Amino acid sequence: MSLANDARFWDRTSRRYAKSAITDEAGYARTLDRARALFKPDARVLELGCGTGTTALRLAGHARAYLATDIAEGMIAIAEEKHAAAPIPGLAFRAATAETLASSEGPFDVVIGFNYLHLVRDLPGTLRSIHALLAPQGLFISKTPCLGDMNPLLRLALLPAMHAIGLAPHAGVFRAAELGSLLQAADFEVLATENHATKGGENRPFIVARKP
């Protein structure tokens, strides 16, 4: 599958995705509170992989400008429907990725990528693109599944099989420690690595990294 195939996958599943429940509401609330506390009132924020806009709609009111992006036009269409029903000044949605956004779009004070990094096809390249979009001392806030730390049956058998028959998009496999090393290689300083789960196992570290 190619990047275009991934976009089509998310387009096909966007309506079903929009109806899915958040599995750990308390953990998600903690993540939002932690991210919100890192915003300054005049911050320009970019969200990558915004899906149907749930996070953007909860965070955008705490920043001066908030651009929420996703690879799938279908996801963006649903996000815009939600936004039309409850408008927030300074919030905009757009179909884009870190790589397709021009550097002239920035600089951003904060870039957010929740459940995003494991879905990109060139993780080192994506991290470099994010770095380029940030202002000096800007923050990159991520929380993404580290599949290398998960059940081997899931990452070695189930996910590849689902991907092969088009039931899952591309998913990169890396460990939390590897992600930290990749962030440092992309010239980020990792400020914090936290676990926000309140139930069950959690392999999605919340990471705050800063561009020097």
Side-chain angles (χ1 to χ4, degrees), residues 6 9-10 13-39 45-63 66 68-72 74-76 78-79 81-83 86 88 91 93 110-120 123 126 130 139-159 162-163 167-180 182-183 190-209:
D6 290 340
F9 171 86
W10 290 113
T13 60
S14 58
R15 292 289 167 183
R16 185 167 69 249
Y17 179 89
K19 296 176 183 177
S20 60
I22 295 170
T23 56
D24 183 356
E25 283 280 2
Y28 178 56
R30 183 181 175 191
T31 293
L32 294 182
D33 287 344
R34 185 72 169 89
R36 197 180 290 117
L38 294 167
F39 289 7
V45 178
L46 167 66
E47 183 182 348
L48 300 166
C50 72
T52 59
T54 300
T55 295
L57 290 165
R58 298 192 190 191
L59 292 181
H62 299 270
Y66 195 112
T69 65
D70 196 274
I71 191 175
M75 294 287 192
I76 293 299
I78 296 170
E81 290 170 10
K82 293 180 180 180
H83 189 213
I88 298 174
L91 173 60
F93 290 96
V110 179
V111 174
I112 293 174
F114 293 160
N115 298 311
Y116 179 73
L117 293 179
H118 70 300
L119 298 176
V120 305
L123 182 52
T126 294
I130 291 169
L139 298 178
F140 174 45
I141 306 172
S142 69
K143 183 180 177 182
T144 204
C146 293
L147 302 181
D149 293 323
M150 293 185 177
N151 187 323
L153 178 63
L154 174 67
R155 72 173 190 267
L156 296 176
L158 183 58
L159 276 176
M162 293 177 67
H163 177 67
L167 294 180
H170 167 82
V173 177
F174 49 80
R175 296 179 180 274
E178 293 174 79
L179 178 55
L182 288 169
L183 283 162
V190 177
L191 303 179
T193 302
E194 303 168 1
N195 183 340
H196 291 178
T198 62
K199 60 181 181 180
E202 178 62 275
N203 293 287
R204 293 186 302 149
F206 177 92
I207 300 175
V208 182

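These numbers come from a predicted model, not from an experiment. Hydrogens, waters and symmetry mates are skipped; everything else that's a heavy atom, side chains included, is used.
A pairwise comparison of heavy atoms in Glu194 and His196 identifies OE1-NE2, 2.7 Å as the closest pair. Residues Cys50 and Ile76 approach most closely at SG-CD1, 3.8 Å, considering heavy atoms. Between Arg204 and Lys143 the shortest heavy-atom distance is O-CG, 3.6 Å. Scanning all heavy atoms of the two residues, the minimum distance from Phe206 to Ala35 falls at CZ-N, 4.2 Å. In terms of heavy atoms, Ile71 sits closest to Trp10 at CG2-CD1, 4.2 Å. Here the closest non-hydrogen pair linking Leu57 and Ala86 is CD2-O, 4.4 Å.
From Leu123, atom CG reaches atom CG of Leu117 across 5.5 Å, with rounding to the nearest 0.5 Å. Of the inter-residue distances, the one linking Phe9 atom CZ with Leu119 atom CG reads 9.5 Å to the nearest 0.5 angstrom. Taken from CG in Leu46 to CD1 in Ile112, the straight-line distance is 8.5 Å, to the nearest 0.5 Å.
Contact check for Leu179 versus Thr144: side-chain heavy atoms found under the 4.5 Å cut-off.
For the pair Asn203 (side chain) and Pro145 (backbone), a donor-acceptor distance under 3.5 Å is absent. Remark: the backbone N or O of Gly113 is not paired with any side-chain donor or acceptor of Ser142 at under 3.5 angstrom.
Salt-bridge annotation for Asp33 and Arg30: absent, with no side-chain N of the basic residue lying under 4.0 Å from a carboxylate O of the acidic one.
Applying the side chain to side chain contact (heavy atoms under 4.5 Å, CB included) criterion to Thr55, with sequence neighbours excluded, gives Tyr28, Leu32, Glu47, Leu59, Tyr66, Phe114. For the side chain to side chain contact (heavy atoms under 4.5 Å, CB included) test, residues two or more places apart in sequence or in another chain that qualify with Glu81 are Arg15. Residues satisfying the side chain to side chain contact (heavy atoms under 4.5 Å, CB included) criterion with Thr52, sequence neighbours excluded, are Tyr17, Ala18, Thr54, Met75, Ile78, Lys82.
The six-membered or imidazole ring of Phe39 lies away from that of His62, with a centre-to-centre distance of 6.0 Å or more.
Tested against Val208, the residues Leu139, Val190, Thr193 include a single side chain to side chain contact (heavy atoms under 4.5 Å, CB included) partner, Leu139.
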